[in-house]
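Reviewing the structure listed below.
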Amino acid sequence: MSLSDRSLSDDRLNHLLSVAPQQSIILLEDVDAAFVSRELLPTENPMAYQGMGRLTFSGLLNSLDGVASSEARIVFMTTNFIDRLDAALIRPGRVDLKQYIGNCTHWQLTQMFQRFYPDQPASEAERFAECALATHSEISAAQVQGHFLLHKMDPAGSIDNVAQMKV
């Protein structure tokens with residue numbers, strides 16, 4: 001569910017969350033971009049006071065744990081900047097677990113290679129991980145996935161061209 005959708009209002013979000021199937025997973029991506037801090041002055045962020053978007057911060061909070069919220073659903077919220085999130089959004093009771101997902105380790109790179117190219121020997125996965133980490137000190141899983149998609153049918157090419165991986 002995209003919180004940046006201009007047609008999303010408090011009532012619409014509340015409705016969408018209340019009709020989501022029991023035992024479902026809901027993903028709210030980039031919650032840091034949906035709202036600005038309530039602590040900023042209007043002069044520091046005039047867009048927040050010009051009626052941009054119809055979803056309010058209060059509406060999001062009420063949708064997450066208000067009357068219509070359900071205990072049989074898991075809500076994931078992603079952010080690139082946890083420090084930009086309002087304390088009310090990530091307080092205990094509303095957010096039960098915070099998990100930092102950093103850059104890929106050697107083991108993660110080998111696992112990703114093996115899942116993307118299941119017919120390849122483990123030695124090729126090792127070679128990919130070693131080449132990737134020798135070329136790039138920090139690589140996110142999204143960057144690796146994008147690289148694999150460029151070399152979808154060419155596992156050797158994904159290794160040979162690891163230096164061209166977008167970072």
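- Taking OG1 of T135 as the start and CD of E130 as the end, the distance is 11.5 Å to the nearest 0.5 Å.
- Shown here for L8 and L13, the closest heavy-atom pair between the two residues is CD1-N, 3.8 Å.
- In this structure, T110 has no side chain to side chain donor-acceptor pair (under 3.5 Å) partners at least two apart in sequence or on a different chain.
- For the atom pair CD1 (I74) and CD (Q23), the distance works out to 9.5 Å, reported to the nearest 0.5 Å.
- Under the 4.5 Å side-chain contact rule for hydrophobic residues, F76 and L55 do not share a cluster.
- The side-chain heavy atoms of D83 and D32, taken from C-beta on, include no pair separated by under 4.5 Å.
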Exercise for the section: Let me see the working for D11 and N14 under side chain to side chain contact (heavy atoms under 4.5 Å, CB included), right down to the final yes or no. Expected result: CA-CA 5 Å; D11 290 338; N14 204 18; 5.6 Å; no
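- Take R91 and apply the salt bridge (Lys or Arg N to Asp or Glu O under 4.0 Å) test, not counting sequence neighbours, and it matches D65.
- Atom CZ of residue R94 and atom CG of residue L89 lie 7.0 Å apart, to the nearest 0.5 angstrom.
- Atom CG in L16 sits 9.0 Å away from atom CD1 in I26 (nearest 0.5 Å).
- Legend: salt bridge (Lys or Arg N to Asp or Glu O under 4.0 Å) pairs involving residues 146-161, not counting sequence neighbours: none detected.
- The backbone N or O of L17 sits less than 3.5 Å from a side-chain atom of R73, completing a donor-acceptor pair.
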Side chains of residues 120-128: which donor-acceptor pairs under 3.5 Å do they make with residues two or more places apart or in other chains?
from : atom 1 : to   : atom 2 : distance (Å)
E124 : OE1    : R127 : NH2    : 3.3
E124 : OE2    : R127 : NE     : 3.4
E126 : OE1    : H106 : NE2    : 3.3

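- Closest heavy-atom contact between Q108 and N103: OE1-O, 3.6 Å.
- By the ring pair (Phe, Tyr, Trp, His ring centres under 6.0 Å) test, H136 is found to be paired with no residue, residues two or more places apart in sequence or in another chain being considered.
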Practice task
Report the C-alpha separation of R84 and T79 in whole Å, then their side-chain angles, then the decisive distance to 0.1 Å, and conclude whether the side chain to side chain contact (heavy atoms under 4.5 Å, CB included) test is met.
Solution key: CA-CA 9 Å; R84 293 184 189 171; T79 181; 5.9 Å; no
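- If you check the side chains of D5 and S7, you find a donor sitting under 3.5 Å from an acceptor.
- At a threshold of 4.5 Å between side-chain heavy atoms, the hydrophobic network of Ile, Leu, Val, Met, Phe, Trp and Tyr places M1 and M77 in one connected group.
- Here the OG atom belonging to S58 is positioned 7.0 Å from the CG atom belonging to D10, to the nearest 0.5 angstrom.
- L150 and I159 fall into different hydrophobic clusters, where Ile, Leu, Val, Met, Phe, Trp and Tyr are joined by side-chain heavy atoms under 4.5 Å apart, directly or via other members.
- Tracing side-chain contacts under 4.5 Å through hydrophobic residues (I, L, V, M, F, W, Y), one never reaches L27 starting from L3; they form parts of separate clusters.
- Within 6.0 Å of atom CG in L149, more than 12 heavy atoms from other residues, nucleotides or ligands are found, so the atom counts as buried in its surroundings.
- Legend: salt bridge (Lys or Arg N to Asp or Glu O under 4.0 Å) pairs involving residues 12-31, not counting sequence neighbours: none detected.
- The environment of CD in Q164 is crowded: more than 12 heavy-atom neighbours from other residues, nucleotides or ligands sit within 6.0 Å.
- Formation of a donor-acceptor pair under 3.5 Å by the S63 side chain with backbone atoms of G59 is found in this model.
- To the nearest 0.5 Å, atoms CZ (F116) and OG (S158) are separated by 8.5 Å.
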